[in-house]
Amino acid sequence: AYERTCRYLAKKSNSVFVSVGYRLAPEYPYPTQFEDCLAATVHFMRIAEDYGVDPARVITCGDSSGGTLAAAVTQAMTNRKDLPALRAQILIYPFLQGARFDLPSYEQNKGVPVLLRKRTLSLGLKYINKEQSLIDEILKGAHIPRDLESKYEKWLNPDNIPEAFKPRDYQEGKKQSSEDLSRLLKPFLDPVFSPLLAEDAVIAQLPETFVLSCEFDVLRDDALLYKKRLEDHGIKVTWCHLEQGFHGII
């Protein structure tokens with residue numbers, strides 16, 4: 001599905017392009033996908049010069065769940081001392097957090113194809129092999145442990161989203177925490193699944209970033225919130241917003 005897109009990008013950017021055929025859930029459970037992408041990145045950086053590539057000019061890139069993986073790999077690479085730092089990351093309408101599904105973009109676009117709000121949750125649950133019956137409780141935020149609520153509020157507060165992106169009648173949902181559900185859905189809050197929830201010490205080490213968001217996309221605000229977190233730590237961010245865009249437009 002992506003070969004023509006990758007060929008096009010390689011040609012237009014005059015770059016060596018490595019497309020990772022990572023194994024898929026549910027046959028290969030989370031976090032196999034992240035581990036495959038990280039292994040491929042490390043391997044390529046070690047042999048980059050064999051392909052005429054400067055290992056100090058490697059960029060990670062992905063769209064949608066591929067954007068999640070690109071962001072997670074980039075975060076993991078900040079701790080590597082045996083390889084050059086990544087030059088940049090390109091995140092195209094990425095999924096970046098599994099904590100809040102009541103952000104303005106989720107409310108505005110919950111019924112917009114192709115990525116309806118409930119479909120987003122359904123795919124996330126399939127990814128970690130959990131029951132679909134949990135969707136309604138997740139929408140209420142019941143999977144967020146009480147001791148983490150204030151921490152996540154700092155990073156995911158709708159106040160961090162520009163007013164122009166909020167409907168006039170927008171109201172935050174009421175939270176109902178459940179200890180059982182938070183234990184069951186702990187992967188939803190893991191930075192590998194939700195890169196937006198990484199600690200400040202990790203965010204501060206990230207490279208220059210390009211992020212693309214679409215107006216008619218439930219994931220729009222993930223991009224806006226991540227952009228703010230990066231900029232708050234002095235990371236250079238180039239942001240492209242498609243006012244008529246929708247998820248999957250690439």
Side-chain angles (χ1 to χ4, degrees), residues 1-6 17-44 60-77 89-101 103 105-106 109-110 112-139 141-145 152 178 180-198 202 212 214 217-223 226 246-250:
Y2 276 81
E3 181 165 339
R4 288 182 66 185
T5 302
C6 290
F17 222 83
V18 181
S19 179
V20 183
Y22 56 86
R23 291 168 290 175
L24 302 177
E27 291 80 8
Y28 296 95
Y30 165 88
T32 302
Q33 298 70 30
F34 163 74
E35 292 166 351
D36 284 356
C37 290
L38 180 60
T41 303
V42 170
H43 174 69
F44 180 74
T60 56
C61 175
D63 76 306
S64 193
S65 57
T68 316
L69 292 167
V73 166
T74 303
Q75 291 183 1
M77 294 295 288
Q89 60 177 340
I90 297 173
L91 310 178
I92 301 170
Y93 42 74
F95 173 94
L96 294 173
Q97 60 86 26
R100 291 198 61 164
F101 298 92
L103 294 170
S105 62
Y106 271 105
N109 300 307
K110 60 186 175 185
V112 175
V114 292
L115 195 62
L116 289 76
R117 178 165 63 177
K118 286 197 172 182
R119 184 163 190 245
T120 307
L121 277 163
S122 175
L123 292 171
L125 289 167
K126 287 178 181 178
Y127 186 32
I128 63 169
N129 288 323
K130 300 300 181 185
E131 294 295 325
Q132 299 290 303
S133 59
L134 302 173
I135 287 177
D136 288 340
E137 291 302 305
I138 298 172
L139 286 172
H143 62 303
I144 302 175
Y152 292 163
S178 164
D180 290 340
L181 194 64
S182 63
R183 280 194 296 269
L184 185 65
L185 293 180
K186 192 174 181 181
F188 258 48
L189 307 179
D190 187 322
V192 168
F193 188 99
S194 297
L196 185 48
L197 304 182
V202 174
L212 182 141
C214 294
D217 182 4
V218 290
L219 303 183
R220 180 197 69 201
D221 293 346
D222 282 22
Y226 203 47
F246 51 89
H247 195 81
I249 199 170
I250 195 170

Colleague: Evaluate the side-chain contact (heavy atoms from CB on, under 4.5 Å) criterion for residues Arg220 and Leu103: first the C-alpha distance (whole Å), next the side-chain angles of each, then the deciding distance (0.1 Å), finally the verdict.
Modeller: CA-CA 9 Å; Arg220 180 197 69 201; Leu103 294 170; over 6 Å; no
Colleague: Walk me through whether Phe101 and Ile135 qualify under side-chain contact (heavy atoms from CB on, under 4.5 Å).
Modeller: CA-CA 10 Å; Phe101 298 92; Ile135 287 177; over 6 Å; no
Colleague: Between Arg119 (side chain) and Val114 (backbone), is there a donor-acceptor pair under 3.5 Å?
Modeller: yes
Colleague: Measure the shortest side-chain to side-chain distance between Thr5 and Phe17 over non-hydrogen atoms and say whether it is less than 4.5 angstrom.
Modeller: no
Colleague: Between atom CD of Gln75 and atom CG of Leu38, what is the distance when rounded to the nearest 0.5 Å?
Modeller: 12.0 Å
Colleague: Is any side-chain heavy atom of Tyr30 less than 4.5 Å from a side-chain heavy atom of Val192?
Modeller: yes
Colleague: Would you name the heavy atoms of Ile250 and Ile92 that are closest together and state the gap between them?
Modeller: CD1-CD1, 4.0 Å
Colleague: Between Val20 and Thr41, is a side-chain contact (heavy atoms from CB on, under 4.5 Å) present by the stated rule, with each step listed?
Modeller: CA-CA 9 Å; Val20 183; Thr41 303; 5.6 Å; no
Colleague: List the atom of Leu134, the atom of Leu184, and the distance in Å for their closest heavy-atom pair.
Modeller: CD1-CD2, 3.7 Å
Colleague: CG of Asp222 to CZ of Arg100: how many Å apart, nearest 0.5 Å?
Modeller: 11.5 Å
Colleague: For the residue pair Ala71 and Leu91, what are the closest heavy atoms and their distance?
Modeller: N-CD2, 3.9 Å
Colleague: Okay, side chain of His143, backbone of Gly98: is any donor-acceptor separation there less than 3.5 Å?
Modeller: yes
Colleague: Treating Ser178 as the side-chain partner and Ala142 as the backbone partner, does any N or O pair qualify as donor plus acceptor under 3.5 Å?
Modeller: no
Colleague: Any salt bridge between Lys118 and Asp136, counting N to O under 4.0 Å?
Modeller: yes
Colleague: Is there a donor-acceptor pair under 3.5 Å between the side chain of Gln97 and the backbone N or O of Pro195?
Modeller: no
Colleague: Any donor and acceptor pair, going by atom type alone, linking the side chain of Arg23 with main-chain N or O of Asp36 inside 3.5 Å?
Modeller: no
Colleague: For Leu125 versus Glu131, what's the shortest heavy-atom pair and its separation?
Modeller: CD1-O, 3.4 Å
Colleague: Nearest 0.5 Å please: distance from the CG atom of Leu181 over to the CD1 atom of Ile144.
Modeller: 10.0 Å
Colleague: Only one of Tyr106, Phe95, Tyr93 clears ring-ring contact (aromatic ring centres under 6.0 Å, His included) with His247; which?
Modeller: Tyr93
Colleague: Backbone N or O of Ser122 within a donor-acceptor pair of the Gln132 side chain at under 3.5 Å?
Modeller: yes
Colleague: Calculate, to the nearest 0.5 Å, the distance between atoms CG and OG1 belonging to Leu69 and Thr74 respectively.
Modeller: 10.5 Å
Colleague: Quick one, Tyr2 with Asp63, criterion side chain to side chain donor-acceptor pair (under 3.5 Å). Give me CA distance, side-chain angles, the key distance, then yes/no.
Modeller: CA-CA 11 Å; Tyr2 276 81; Asp63 76 306; 3.1 Å; yes
Colleague: How close do Pro187 and Phe193 get, heavy atom to heavy atom, and via which atoms?
Modeller: O-CB, 3.0 Å
Colleague: For the OG1 atom of Thr120 and the CG atom of Leu219, what is their distance to the nearest 0.5 Å?
Modeller: 5.5 Å
Colleague: Given 3.5 Å as the limit, does a donor-acceptor pair link the side chain of Gln33 with the main chain of Tyr28, or not?
Modeller: yes
Colleague: Could you tell me the separation between the OG atom of Ser65 and the CG atom of Leu115, rounded to the nearest 0.5 Å?
Modeller: 9.5 Å
Colleague: Show the nearest heavy-atom pair for residues Pro191 and Leu197, with the distance to one decimal.
Modeller: CG-O, 4.1 Å
